[in-house]
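The structure appears right after this line, and notes come after that.
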Amino acid sequence: MASIRGIVAARRRGSRREEGRKWALPASVMSAPIRPPQFTSHRRLLEQKLSELHKCSDPRFLLQIHSQIFRLCLHRDQFVAPKLVAAYSLCRRPFAAAAAFDLVHFPNSLLFNTLIRAFANNSLPSLSFLAFSRMQRSDIPADSYTYSFLLKSFSGHLRLVEIIHAHILKLGFLPDIFVPNSLLDSYSKAGETGLGASCKVFEEMPLRDVVSWNTMVAALVRAGQLKNARQMFDEMPRRDIVTWNIMLDGHAKAGELDEGFDLFHQMPERNVVSWSTVISGFCLRGDMETARMLFDKMPVKNLVTWTIMASGYAKRGFFKEASALLDKMEETRLNPDSTAIVSILTACSESGLLGLGKRMHATAKKLKLIGTMQINNSLVDLYSKCGEVEEAWSIFKKMKVRDLVSWNSMIQGLAMNGHGGRALKLFSRMKDEGVAPDAVTFIGVLCACTHMGFVDDARTFFSSMEKDYGVLPEIEHYGCLVDLLGRRGILTEAYELAKTMPFEANAIIWGSLLNACRVHGDVGMAEKVVCELTIAEALDAGNYAIVSNIYASARRWDGMAEARLKMKDSGEERPSGASWIELDDSVHEFTAGYRLHPQTDRILKMLDRLGNHLKQLGCLAESC
DNA sequence: ATAGGGTTAG
């Protein structure tokens with residue numbers, strides 16, 4: 001397909017450079033030789049392909065057909081060019097779409113709209129806007145399509161959506177149902193205020209179609225207002241399969257699987273999305289058996305279904321099942337896309353399935369999906385969470401583009417693997433590179449301080465959050481600080497902070513303070529914390545266990561006995577803590593309080609030896 | 001224009 005002579009010829013012939021060309025043509029497109037349109041029979045052959053072109057989502061097929069278009073010199077054709085742009089957009093190649101756009105000398109509204117949509121659908125909002133302003137400058141009239149695509153680009157940005165809204169009102173595009181429907185969706189993704197605006201638009205709409213209703217139901221589901229969503233669902237004049245799927249998902253995500261399953265059975269028809277949504281609900285609940293039963297039963301599966309099932313297994317640490325499923329998926333010759341890879345990698349990092357994560361890393365390499373930021377971000381997270389910080393670091397180091405998430409993941413990764421100093425250094429490098437930290441960044445930074453025992457630095461960072469970066473401390477940040485003070489034995493100040501902070505301290509915070517009391521043997525403070533935990537109704541068996549421990553260390557047998565009794569009384573059987581490690585392709589499980597592992601005796605003996613060794617070295621085996 | 005899988009957070 002590619003020929004050097006062709007490239008040279010194309011360069012010579014096309015030496016007249018278009019004004020204002022912004023985007024470079026990809027090499028693969030340039031390699032298609034240009035010939036005058038002499039093969040009319042080819043044209044007819046192409047016609048069928050062309051009519052399907054805008055729906056083409058296979059990049060290889062698209063390249064092939066683009067080459068033919070090029071040879072026939074059809075790429076500037078006013079009917080062909082928009083289809084090319086749309087197809088590249090569908091294949092997630094927005095820059096190739098832009099290049100195809102750029103070859104047209106006099107783009108019309110349709111072509112501009114298609115380009116704006118290409119950027120909107122590939123999350124490049126600023127380029128969407130750039131295309132729009134180019135359109136304005138070239139005096140190409142914007143129409144209702146233009147505005148609905150722009151709205152999609154700016155979806156979730158209240159201010160921008162308001163501006164577009166004003167334009168729409170001024171230009172009178174509201175009667176076209178596509179426009180207010182886009183408005184509904186874009187507003188509804190802009191937080192609480194946006195949802196309010198969305199409702200207002202909805203109420204003022206003289207005509208509503210199913211999509212308008214669906215968008216509102218979806219908005220309410222997203223906002224967690226399930227009751228309202230359900231009410232709207234019940235009141236709707238007409239429902240289509242999308243409506244049912246939205247409501248199904250709402251129930252599934254809220255953990256109301258009984259209602260969801262009822263809905264699933266009531267639906268007049270079911271498609272892949274309906275099945276996948278219920279399966280996802282069962283995975284969320286951890287009922288992998290039902291999920292699998294439905295998975296095997298459903299008539300048609302697609303990539304999303306496979307991804308839900310595989311990451312469901314991985315999230316629960318089911319290494320064997322997840323691997324087997326991925327093997328089966330490979331047999332069906334279905335390749336994961338970057339979303340699938342990210343999804344499974346994330347599941348692996350949550351459950352610590354390093355082996356499976358490595359397999360997905362290899363798959364990503366094989367499918368040439370490795371360069372994307374999202375995948376790199378989840379790899380950094382995977383390796384950090386699984387204790388392989390240096391691997392995470394080498395991936396982070398090699399990344400050409402990094403976003404806030406990349407920095408946050410790496411800072412967090414270093415911090416939790418005991419490299420607090422490196423984490424703080426990375427934080428200052430992040431600032432040097434002009435990346436603004438957010439609330440998550442400071443969780444990592446404070447976590448780094450905790451690992452290093454840097455009380456003063458933590459205080460400084462904490463107070464600079466709002467002052468220097470405009471990041472409001474959330475309850476988690478106070479929690480970090482309480483935890484750090486507690487670990488360092490500054491119990492009174494930790495307690496005072498927990499009492500006086502602008503949030504009601506929760507069970508996690510009091511729990512961490514209680515544990516600090518145990519470590520530092522402060523019975524008095526422990527009793528105060530127990531009071532708080534009682535008020536918060538958060539005294540569970542785990543906390544009683546700590547209390548009993550504290551009394552035991554202080555030789556207060558009465559207190560210990562009482563705590564033991566309450567521990568038994570509190571009754572509710574908490575699932576005991578467990579951990580897994582992978583060793584030579586098998587997973588070893590350890591459960592607190594049970595001697596499940598066949599080599600428990602040897603392991604405990606070794607732990608004992610290590611503990612003694614640590615004590616001799618002056619490290620407190622029981623601390624932190 | 002609306003629906004299912006996605007990166008950081010004790």
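Lettering of chains follows the sequences in order, A, B, ..., and the numbering in each one begins at 1. All values below come from the heavy atoms of this structure, side chains included, with hydrogens, waters and symmetry mates left out.
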Stepwise, does the ring pair (Phe, Tyr, Trp, His ring centres under 6.0 Å) test hold for W407(A) with F396(A)? CA-CA 8 Å; W407(A) 290 96; F396(A) 177 81; 5.3 Å; yes
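The list of salt bridge (Lys or Arg N to Asp or Glu O under 4.0 Å) pairs with a residue in residues 295-315 of chain A, not counting sequence neighbours, reads R292(A)-D296(A). Residue pairs meeting the side-chain hydrogen bond (donor to acceptor under 3.5 Å, both in side chains) criterion with at least one partner in residues 471-484 of chain A, sequence neighbours excluded, are D483(A)-R487(A). Within the structure, the side-chain hydrogen bond (donor to acceptor under 3.5 Å, both in side chains) test picks out the following pairs touching residues 332-344 of chain A (sequence neighbours left out): S311(A)-S343(A).
With sequence neighbours left out, Y313(A) forms a ring-ring contact (aromatic ring centres under 6.0 Å, His included) with no residue at all. Residues passing the side chain to side chain donor-acceptor pair (under 3.5 Å) test with E235(A), sequence neighbours excluded: Q231(A). Under the side chain to side chain donor-acceptor pair (under 3.5 Å) criterion, K358(A) pairs with no residue at all, not counting sequence neighbours. Here T114(A) pairs with P82(A), V85(A), A86(A), L110(A), R117(A) under the side-chain contact (heavy atoms from CB on, under 4.5 Å) rule; sequence neighbours left out. In this view, R92(A) satisfies the salt bridge (charged side-chain N to carboxylate O under 4.0 Å, His left out) rule with no residue, not counting sequence neighbours. The side chain to side chain donor-acceptor pair (under 3.5 Å) check on N228(A) picks up Q225(A), with sequence neighbours excluded.
Contacts with DNA chain B (heavy atom under 4.0 Å) in residues 304-312 of chain A: V304(A), T305(A), T307(A), I308(A), listed by number. Near-neighbour residues of DNA chain B inside residues 394-405 of chain A, defined by a heavy atom below 4.0 Å, number-ordered: V405(A).
Using a 4.0 Å heavy-atom distance criterion, Q374(A) is classed as a base contact. If you check every strand for non-hydrogen atoms under 4.0 Å, D337(A) touches a base. As judged by a 4.0 angstrom heavy-atom cut-off over every strand, L303(A) is placed among the base-contacting residues. In this structure, N271(A) reaches the bases: a heavy-atom distance under 4.0 Å links it to at least one base atom across the strands shown. Residue K301(A) is out of contact with every strand shown, counting any heavy-atom pair closer than 4.0 Å. Nucleic acid contact class of T215(A) (heavy atoms, under 4.0 Å, all strands): sugar-phosphate only. Contact annotation for T277(A): backbone-only contact, meaning every heavy-atom pair under 4.0 Å involves sugar-phosphate atoms and none involves a base. Contact annotation for D209(A): base contact, defined as any heavy-atom pair under 4.0 Å involving a base atom. The residue I443(A) sits close only to the backbone: its heavy atoms come under 4.0 Å of sugar-phosphate atoms, none of a base. When heavy atoms are screened at a 4.0 angstrom cut-off, V380(A) is found touching no nucleic acid atom at all. Heavy atoms of N506(A) sit nowhere under 4.0 angstrom from any nucleic acid atom.
Counting only distance, with no hydrogens or angles, the side chain of T441(A) and the backbone of N408(A) share no donor-acceptor pair below 3.5 Å.
Close approach of DNA chain B to chain A, defined as any atom under 4.0 Å from a non-hydrogen atom of the protein, starts and stops at dA1(B) to dG10(B).
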